[in-house]
Protein chains: 2
Amino acid sequence: MSTQNKRDRLVESAAILFHHNGLSATSLADIAKHADIPIGNVYYYFKTKEELALAAISKRKEQFSAAYRLLDDNLPDPRQRLIEAIRYFDKVSAEYTRYGCPIGKIIDDADTEKDTVAQTAAQVLGDFVSWAQQQFGQLGHNDDAQTYATTLMAGIQGATIMAKASRDESVIKKEMIRLVTWVESLPNKRIQLGKIGMRNVDATAASNAA
Amino acid sequence: MSTQNKRDRLVESAAILFHHNGLSATSLADIAKHADIPIGNVYYYFKTKEELALAAISKRKEQFSAAYRLLDDNLPDPRQRLIEAIRYFDKVSAEYTRYGCPIGKIIDDADTEKDTVAQTAAQVLGDFVSWAQQQFGQLGHNDDAQTYATTLMAGIQGATIMAKASRDESVIKKEMIRLVTWVESLPNKRIQLGKIGMRNVDATAASNAA
DNA sequence: GTCTATAGACCGATAGAC
DNA sequence: GTCTATCGGTCTATAGAC
């Protein structure tokens, strides 16, 4: 088994256990056992627990970014992209009801003003907001794009907590339907390309995303 | 200093530290130090850490219940009661942005299927939902009352996480304005007492709350 | 009732043999 | 690179003097 494999296994086990049991409640011994690697060996790959946690959360960050790229590349309609993103959380509703959102959990658990792990987790939510903002912008809602994007992610996070509290995944399913309905109800205020013969109306929406 | 005073101080210190630093990250030594009580003495009042945590979260539960009673007794309009409840979270936006919601944090942190502390925290959210459901019911939205109440609490929880992630309390303030606007926009579908000469239309809404 | 001292388990992290 | 053994520290919880 290669060195890279063991490192990857450690990161994956850490990500799972942090999600299921929380950051501070998960020990390095737990992670090593889950990855089937002797505890002392962990420190060959990561100098501290924080470093391993950072690698775990960074991996999640990249996975989400890859998902946004996939949506952007395969769906031409920004509205449809948003709806598919919402449907993702519907798909993982059982897992989120049981364990909470892996990102929201870390943000809730740690100090976002000092802890670099929590700050990286916060970036994951920030990435979603930036991406969603871009989609709302492309629907012509330039002024409200950031507010809408934040409301959307807040709706997902809030639904997860309510579902976990009541141990009822239908809470997430109902809230995701509500959010999809909301996104569907938004008018497309964007100037249509064909109708006025412009090629770069997207530029406004794109510059609005940073 | 009386025995009851020391017990109360321990519970209050525990509630504060659990909110600020999290349940599993707060040690009994931290709590004892904050309450200015020797560590060994803690076990005279509480047999285990869980027992102290349960007392702390139960106290919060009662404080919130008292607040609902205060709203019910002083505001005749259920819509106004809901708006005042939302405004509470606007008032504590700075604290929630920094430390998260004291209830949501515990639910996120612990296993709601096994941990009795997390289950009590879940009851606090359940109490809010029941109370809000009653208000929506009294506005005549009997069929949607529970869904509306859950969406409202989810909006508050989600806004808190987004605010903590971005370290920007204006996120909570904006989302609370959105929720107030939403509550204000709901029509009053309730049959008016004076107009049809009935005295007990409330009964339907009240039975809907359980 | 109050407090000191400490047991016993577990934590993150390190040293060093192989 | 890999793993065992273990250190020093902190945790919950207890024993027992006052």
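Proteins get letters first, then strands, A, B, ... in listed order; numbering begins at 1 in each.
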Measure [atom1]/[X] against [atom2]/[N] and give the value in whole Å, please.
{"X": "B:R9", "N": "C:dG1", "atom1": "CZ", "atom2": "C1'", "value": "15 Å"}
{"X": "A:Y45", "N": "C:dA13", "atom1": "OH", "atom2": "P", "value": "18 Å"}
{"X": "B:I31", "N": "D:dT10", "atom1": "CD1", "atom2": "C1'", "value": "15 Å"}
{"X": "A:K33", "N": "D:dC3", "atom1": "NZ", "atom2": "C1'", "value": "18 Å"}
{"X": "B:N41", "N": "C:dA5", "atom1": "CG", "atom2": "P", "value": "15 Å"}
{"X": "B:D36", "N": "C:dT2", "atom1": "CG", "atom2": "P", "value": "13 Å"}
{"X": "B:Y44", "N": "C:dA5", "atom1": "OH", "atom2": "P", "value": "22 Å"}

Exercise. Of the nucleotides D:dT2, C:dC3, D:dT4, which has the atom closest to the A:P38 side chain?
Worked result: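 Looking only at side-chain atoms, A:P38 lies closest to D:dT4.
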
Problem set entry | A:E184 side chain near A:V180 side chain, heavy-atom distance below 4.5 Å | yes

Problem set entry | For A:F46, the option from A:I31, A:L10, A:L28, A:L54 that meets side-chain contact (heavy atoms from CB on, under 4.5 Å) |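 Filter result, single survivor: A:L10.
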
For this session: Using a strict 4.0 Å threshold on nitrogen-to-oxygen distance, state whether A:R81 and A:E84 make a salt bridge.
Result: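 Result for this pair is no, no salt bridge flagged.
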
Exercise. Does OP1 or OP2 of D:dC3 have a side-chain N or O of A:K6 closer than 4.0 Å?
Worked result: yes

Exercise. Quick one: CD on A:Q135 to CD1 on A:I83, what's the gap to the nearest 0.5 Å?
Worked result: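 A:Q135 CD to A:I83 CD1: 11.5 Å, rounded to 0.5 Å.
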
Seminar exercise, completed: Shortest non-hydrogen pair, A:A145 vs A:G137, comes out as CB-N, 3.9 Å

For this session: Kindly say whether A:K105 contributes a backbone atom to a donor-acceptor pair with the side chain of A:D109 at under 3.5 angstrom?
Result: no

With the criterion being N/O to N/O and under 3.5 Å, what pairs connect the protein with nucleotides 10-12 of chain C, and how long is each?
from, atom 1, to, atom 2, distance (Å)
C:dC11, OP1, A:S27, OG, 3.3
C:dG12, OP1, A:L28, N, 3.4
C:dG12, OP1, A:K49, NZ, 3.2
C:dG12, OP2, A:L28, N, 3.0

